[in-house]
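A short write-up of the structure that comes next.
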Amino acid sequence: NAGVTQTPKFRILKIGQSMTLQCAQDMNHNYMYWYRQDPGMGLKLIYYSVGAGITDKGEVPNGYNVSRSTTEDFPLRLELAAPSQTSVYFCASSYSDESGGAFFGQGTRLTVV
Amino acid sequence: QKEVEQNSGPLSVPEGAIASLNCTYSDRVSQSFFWYRQYSGKSPELIMSIYSNGDKEDGRFTAQLNKASQYVSLLIRDSQPSDSATYLCAVNLKTSYDKVIFGPGTSLSVIP
């Protein structure tokens with residue numbers, strides 16, 4: 001009963017490097033989300049998807065890209081990492097907005113130096 | 001105006017007291033509202049959802065929704081030290097696509 005699985009849990013990147021944060025869910029949820037959480041702050045929505053092949057920008061999309069080729073997977077791509085992208089990243093999924101809230105992965109702690 | 005607002009706290013209550021957490025939102029057509037609990041260093045955990053005006057009770061937790069006032073609250077009765085956490089209010093905004101926006105969170109400390 002995995003739920004939402006994120007990899008890696010921790011990562012240190014150098015400025016200008018790129019990486020992909022992986023997210024997979026096994027609950028057959030249509031909706032998936034990427035959030036970032038800076039220290040002492042709430043969650044900011046980066047991108048979301050309402051189904052395979054459909055993605056849209058959230059509150060803070062700059063510097064990130066996503067794709068949703070399958071229901072299960074929703075990877076987040078960081079291009080040209082910057083110190084401002086140092087944060088904890090959470091992936092979440094939900095069946096729909098009306099059936100309940102979202103289930104979260106355990107998070108990825110990213111540091112850009 | 002920010003889309004979802006909460007008192008930042010910290011809120012301190014003695015053990016056994018009622019903790020009251022408040023949230024306001026800007027989108028008048030929002031229909032779905034959620035409360036999450038987040039322990040330090042952990043991911044958010046859904047504790048309550050509410051969709052209709054009025055109260056919804058689940059154990060020691062009561063969510064209250066007033067759509068006319070664009071206000072949702074969470075009451076925690078008989079507060080325990082294990083309730084010490086940050087509580088996040090989340091609202092599903094009915095824009096082009098459904099998306100869930102979180103408030104900044106309220107830090108709660110229950111003092112034994």
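Naming convention: chains lettered A, B, ... in sequence-line order (proteins, then strands); numbering from 1 in each chain. Worth knowing before you read on, the calculation uses all heavy atoms, side chains too, and leaves out hydrogens, waters and symmetry mates. What you see is a predicted model; the values in this text were computed from it and never measured.
Within 6.0 Å of CD1 on B/I111 lie more than 12 heavy atoms contributed by other residues, nucleotides or ligands. For OH of A/Y89, the number of neighbouring non-hydrogen atoms (other residues, nucleotides, ligands) closer than 6.0 Å is greater than 12. When the shell of 6.0 Å around NZ of A/K44 is examined, it contains 12 or fewer heavy atoms from other residues, nucleotides or ligands.
Using a 4.5 Å cut-off on side-chain heavy atoms (C-beta onward), A/L45 and B/I101 make contact. Counting heavy atoms from C-beta outward, B/Q38 and A/F104 have side chains that stay 4.5 Å or more apart. The shortest side-chain heavy-atom distance between A/Q106 and B/K42 does not fall under the 4.5 Å cut-off.
Nearest approach of A/L43 to B/P44, heavy atoms of both residues: CD1-CG, 3.8 Å. Across all non-hydrogen atoms, the minimal contact from B/V100 to A/Y33 is CG2-OH, 4.0 Å. Contact detail for A/A102 and B/L46: the closest heavy-atom pair is O-CB, 4.3 Å. Here the closest heavy-atom approach between residue A/G105 and residue B/S43 is recorded as O-CB, 3.1 Å.
Contact of A/F103 with chain B is not made at all, since no heavy-atom distance falls under 4.5 Å. Contacts between B/E45 and chain A at a heavy-atom distance below 4.5 Å are absent for every atom of the residue.
Of the inter-residue distances, the one linking B/F102 atom CZ with A/E59 atom CD reads 10.0 Å to the nearest 0.5 angstrom. Atom-to-atom distance recorded for A/Q37:CD and B/T86:OG1 is 8.0 Å, nearest 0.5 angstrom.
Both B/L74 and B/I50 belong to a common hydrophobic cluster when Ile, Leu, Val, Met, Phe, Trp and Tyr are linked at side-chain heavy-atom distances under 4.5 angstrom. With hydrophobic clusters built from ILVMFWY side chains whose heavy atoms lie under 4.5 angstrom apart, B/I18 does not share a cluster with B/Y87. In this structure, A/W34 is not a member of the same hydrophobic cluster as A/V4, with clusters built from ILVMFWY side-chain heavy atoms closer than 4.5 Å. A continuous path of Ile, Leu, Val, Met, Phe, Trp and Tyr side chains, each step under 4.5 Å between heavy atoms, connects B/V4 with B/L65, placing both in one hydrophobic cluster. Residues A/V60 and A/F90 are members of separate hydrophobic clusters, defined by side-chain heavy-atom contacts under 4.5 angstrom among Ile, Leu, Val, Met, Phe, Trp and Tyr.
Using a distance-only test at 3.5 Å, with no hydrogens or angles considered, no donor-acceptor pair links the side chain of B/Y36 to the main chain of A/G101.
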